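Written below as structure tokens is the structure these notes are about.
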Amino acid sequence: MFLLDSDYKTFNDKPYVRLILKNGTKKEVFYKDFEPYIWAVCDEREIDSKIRVIEDITTEVQNKSLKVKACTIEDRYLYGNKVKAIKIIFNHPSDVPNLRKEIENVTDIYEYDIPFARRFLIDKDILPATEYNFNLSEEGEFSIVNDFQIINKKKISVRPLAFDIEVYCKSKPDAQRDPIIMIGISTNDLDRVFTYKKVTADYIEVVDNETLMVKKFLDFLQDYNPDIIYTYNGDTFDFPYIYERAKKLKISHPILNDMRFDKRGINDSSKIPGMVHIDLYPLSRKLLSLNKYTLENVYLNFLGKEKSKIYLLEMDKFWEEGTQDGLLAIAQYNKEDAIAAKEIGEAIGPLEIELSRIVGQNIFDISRMASSNMVEYLLMKRAFEEKTIVPNKPKGSEYLERSSTSYEGGFVLEPKKGLREHIAVFDFRSLYPSIIIAHNIDPNTIGCDCCDNTSPEGVNFCLNKKGFIPEILKEIIQRRVEIKNKLKSTSDKTEKTIYQSQQWALKILANSFYGYMGYPRSRWYSKEAASSIASWGREYIHKAIKIAEDMGLNVLYGDTDSLFVGLGSEDMEKSKEYRDKVNSTLPDFMELEFQGYYRRGFFVSKKRYALIDKENNISTKGLEVVRRDWAEIAKKTQEAVLKTILEGKGPEKAAEIVIKTTEELIEGRIPVEDLVIYTQLTMPLASYKQIGPHVIVAKHMLERGEVVGAGSIISFVVRNGDGMVRDRSYDVEEFKKAGYKYDSDYYIDNQVLPAVMRILKGFGYTEENLKFSKHKQMTLGDFF
DNA sequence: TGGAAGCGGGG
DNA sequence: GTGTACGCTTCCA
């Protein structure tokens with residue numbers, strides 16, 4: 001049996017930890033005797049009197065009087081020192097925030113903000129997604145956990161389901177108005193699409209109306225009872241939409257009662273207890289480095305697969321017309337989206353499971369946690385084992401102070417601009433983790449007189465004192481080495497997937513320790529540690545650059561732990577020679593790795609470059625404009641420029657494209673559709689202090705009786721004339737109806753040129769020589 | 001120049 | 001839920 005998910009429930013004012021266990025089937029069980037607690041530390045001579053004060057604290061909440069349950073004295077460590085700590089035990093987790101303020105007036109407190117169910121996993125040393133023997137007994141209608149033992153088995157089996165909905169809408173989907181037209185499902189057993197207009201295919205099930213379709217889906221979910229639900233953006237779209245729509249349609253269903261929505265600013269989440277919802281959109285953003293995170297793009301770039309496309313307008317039309325072909329096109333698209341989500345889930349899900357097993361927190365939480373947060377839970381688990389009290393998160397003022405003090409990060413070499421051929425890319429393997437271990441960098445090892453271990457920043461770290469963080473990191477690195485060896489020696493496909501995910505999980509964690517110590521919200525924050533790590537890193541990359549230059553190699557660019565070297569030809573021997581030479585000078589634990597060869601590329605400025613490999617795969621960094629607040633003409637022109645240069649046709653050819661576009665703009669030949677800029681109103685109109693074009697346009701639309709407000713996406717075009725841009729902006733309909741002419745200067749100077757200049761700046765072009773001019777005779781010489 | 005505001009994915 | 005939250009870029013004032 002393994003733990004799939006956990007939380008807690010209250011019965012008769014007492015908290016019970018609820019565990020969802022899986023063993024072929026799912027079982028809900030409870031743990032009775034876990035008590036919420038926090039730590040208090042004060043001068044040892046005052047312990048008894050402080051305890052008496054704490055035990056007397058009473059507070060009223062909703063006519064109920066709250067008191068702490070009990071206090072005990074325990075031996076603990078705090079910041080490396082042995083202390084007698086007061087363990088303050090509470091009756092219920094919600095008593096902690098209610099009594100906390102008053103206790104804080106009496107003495108310093110710790111570990112007051114660790115959620116109850118998470119605390120349970122830490123203290124009881126239960127790893128989710130890991131096989132255990134749970135000894136259960138029945139008490140009335142409840143299953144109670146008596147005890148448990150871990151079984152060392154690496155394989156668990158989970159039952160996934162992915163789904164996706166399609167909505168019929170004219171603008172932004174609104175659950176009060178716009179119906180769901182199809183729901184697609186993909187599992188290991190079947191792929192299915194539910195809809196309610198007549199269309200025939202073996203995977204489609206047609207019901208009478210939307211209400212029955214939604215019910216059918218909810219029934220399916222309940223009957224299939226998946227362990228994991230994969231969606232793409234289900235946190236903020238599919239789940240809330242189904243919920244709202246079901247409410248509107250007056251559907252009642254047990255699944256709806258179980259759904260929970262957690263709105264936390266940017267981090268919304270949707271969940272059904274017992275079914276772990278993994279939203280692949282935020283995960284893809286976290287794990288993959290792409291310049292666009294549409295399902296289509298992730299599917300293509302991560303799995304190398306394509307799926308059928310459909311335009312929103314097309315979908316509306318197909319649904320309205322209701323022809324077999326049209327409906328089939330929507331259904332096919334819907335099905336393939338669900339399949340894509342499932343396949344991406346199968347590639348990423350195992351990683352989340354491994355992270356969950358290593359960090360010791362629920363898969364659901366892990367899939368939504370930033371990696372620095374995972375590091376923190378890992379450290380907290382270890383701290384508990386070592387009887388160490390966890391440091392507090394910074395309070396508001398301290399957080400602000402930490403945020404405002406910056407330190408020098410990695411070294412970034414100013415790139416050699418222009419087009420280059422034969423580029424070898426090298427990376428230091430785990431540069432920062434290696435430094436942390438080698439130099440024993442930890443908030444508690446800072447400052448000693450006994451060791452010769454001072455960072456270029458001037459901070460000394462003791463090598464004789466045990467460093468909590470480097471110890472844990474060392475174990476992670478060692479585990480990863482072992483797993484990579486196992487990976488090499490197995491040919492079993494399932495084992496390979498597991499090892500692959502395990503080593504990926506360990507790599508993510510190892511690489512997050514540096515960021516963790518420099519992250520202002522960390523419990524184990526240390527600016528000295530983080531800045532020292534970075535300073536040692538700079539030293540290593542400088543040495544590697546020096547070696548390249550001594551070998552006569554052309555270092556084109558470098559950033560923190562990577563180097564881009566011009567080889568002059570496709571000289572793999574030279575590349576190897578360089579790598580080996582650097583490695584012979586590095587300490588054992590560190591290694592420069594050859595990452596790849598690119599036949600062509602260019603560097604514009606720090607963090608901005610593009611490369612093309614032998615298979616014509618283009619990778620870019622910091623260049624592309626793919627956001628909706630850029631007009632199509634800017635995106636199109638930029639893409640053409642990028643391709644032209646990387647294909648080796650020369651920047652002159654790219655410049656010609658730009659000049660031609662500006663000419664077409666001036667002559668009014670660009671269709672209005674390519675000039676639309678989309679901007680969302682994020683607040684009520686009255687709240688705006690800075691009035692942008694979209695705000696004015698929205699006001700006009702409102703005056704005309706159109707429904708716009710917070711959340712509306714305003715599309716506008718800029719008209720020619722003088723004055724502020726915002727006073728010349730109109731929504732597309734009005735712009736067309738009035739027969740306005742667009743402002744070519746605006747589109748040239750604020751859209752096309754900034755987009756292409758990101759690239760062409762590196763080739764010596766200025767805005768001026770990319771604009772079409774009737775009077776100017778262009779020659780190559782003008783450009784340089 | 002600082003700070004306000006928008007972006008992202010989904011249909 | 002013992003948790004109040006991103007990281008960057010662009011433009012207005």
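As the structure is a computational prediction, the values presented were derived from the model and not from experiment. Every heavy atom of this structure was used, including side-chain atoms; hydrogens, water molecules and symmetry mates were not.
- Within the 4.0 angstrom heavy-atom criterion, only backbone atoms of the sugar-phosphate kind lie near A:Pro97; the bases stay farther away.
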Could you pull out the protein-nucleic contacts involving nucleotides 11-13 of chain C (nitrogen or oxygen on both sides, under 3.5 Å)?
unit_1: C:dC12; atom_1: O2; unit_2: A:Gln690; atom_2: OE1; d: 3.1
unit_1: C:dA13; atom_1: OP1; unit_2: A:Ile691; atom_2: N; d: 3.1
unit_1: C:dA13; atom_1: OP1; unit_2: A:Arg726; atom_2: NH1; d: 2.6
unit_1: C:dA13; atom_1: OP2; unit_2: A:Arg726; atom_2: NH1; d: 2.7

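- The pair A:Lys67-A:Glu60 fails the salt-bridge criterion, with no side-chain N (NZ, NE, NH1 or NH2) lying under 4.0 Å from an Asp/Glu carboxylate O.
- Atom NZ in A:Lys172 sits about 10 Å away from atom P in B:dC7, given to the nearest Å.
- Rounded to a whole Å, the CZ atom of A:Arg627 is 9 Å from the P atom of C:dT9.
- Using a cut-off of 4.0 Å between Lys/Arg side-chain N and Asp/Glu carboxylate O, A:Asp7 and A:Arg18 are scored as salt-bridged.
- A:Arg118 comes within contact range of at least one nucleobase, with a heavy-atom separation under 4.0 Å.
- If you check every strand for non-hydrogen atoms under 4.0 Å, A:Asp629 touches sugar and phosphate atoms only.
- Atom CD1 of A:Ile677 is separated from atom P of C:dT10 by 14 Å (rounded to the nearest Å).
- If you take CE of A:Met369 and C1' of C:dC6, they are 16 Å apart, rounded to a whole angstrom.
- In this entry the distance linking CG of A:Leu295 with P of B:dG8 reads 16 Å, nearest Å.
- Among the protein residues, A:Asp262 comes within range of the nucleic acid bases, having at least one heavy atom under 4.0 Å from a base atom.
- Note on A:Lys393: only backbone sugar-phosphate atoms sit closer than 4.0 angstrom, heavy atoms only; bases stay farther off.
- Residue contacts shown for A:Tyr311 are absent, as no nucleic acid heavy atom lies under 4.0 Å away.
- Taking atom CD of residue A:Gln680 and atom P of nucleotide B:dG6, one finds them 8 Å apart after rounding to whole Å.
- The aromatic rings of A:Phe217 and A:Phe163 are tilted relative to each other, their planes meeting at an angle between 30° and 60°.
- Annotation for A:Gly518 and A:Ala530: closest pair CA-CB, 3.7 Å, computed over non-hydrogen atoms.
- The residue A:Phe239 sits apart from the nucleic acid: no heavy atom pair falls under 4.0 Å.
- Across all strands shown, A:Asp337 has heavy atoms under 4.0 Å from sugar-phosphate atoms exclusively, and none from any base.
- Atom name C1', nucleotides C:dC6 and B:dG9: the rounded distance is 15 Å, in whole Å.
- Backbone-only contact: A:Tyr8 has heavy atoms under 4.0 Å from sugar-phosphate atoms and none from a base.
- For the residue pair A:Asn334 / A:Asp164, a side-chain donor-acceptor distance below 3.5 Å is found, with atom types taken as modelled.
- As judged by a 4.0 angstrom heavy-atom cut-off over every strand, A:Tyr168 is placed among residues making no nucleic acid contact.
- Nearer to the 5' terminus of DNA chain B, by closest-nucleotide assignment, is the contact made by A:Val695 (compared with the other of A:Ile713 and A:Val695).
- Considering only side-chain atoms of A:Tyr293, the nucleotide from C:dT10, B:dG9, B:dC7 that sits closest is B:dG9.
- Between the CD atom of A:Glu336 and the C1' atom of B:dG10 there is a distance of 17 Å, given to the nearest Å.
- A donor and an acceptor atom, one from each side chain of A:Glu306 and A:Tyr299, are nowhere located under 3.5 Å apart.
- Checked for salt-bridge contact, A:Glu624 and A:Lys292 miss the test: no charged N lies under 4.0 Å from a carboxylate O.
- Of the candidate nucleotides B:dG9, B:dG6, C:dT9, C:dT9 has the atom nearest to the side chain of A:Arg758.
- In this entry the distance linking NZ of A:Lys309 with P of B:dG10 reads 13 Å, nearest Å.
- Dashed line: the shortest gap from a side-chain N or O of A:Arg628 to OP1 or OP2 of B:dG8 is under 4.0 Å.
- No side-chain donor-acceptor contact under 3.5 Å links A:Ser403 and A:Glu401.
- Residue contacts shown for A:Tyr37 include a base, since a base heavy atom lies under 4.0 Å away.
- Comparing C:dT2, C:dA5, B:dG10 by their closest approach to the side chain of A:Arg521 singles out C:dA5.
- At the heavy-atom level, A:Ile180 lies nowhere under 4.0 Å from the strands shown.
- Applying the side-chain contact (heavy atoms from CB on, under 4.5 Å) test to A:Ala710 and every residue at least two apart in sequence or in another chain returns A:Pro684.
- Residue A:Arg100 has no polar side-chain atom (N or O) positioned under 4.0 Å from OP1 or OP2 of C:dT2.
- Between B:dG6, B:dG9, B:dG10, one nucleotide has an atom nearer to the side chain of A:Tyr281 than all others, and that is B:dG9.
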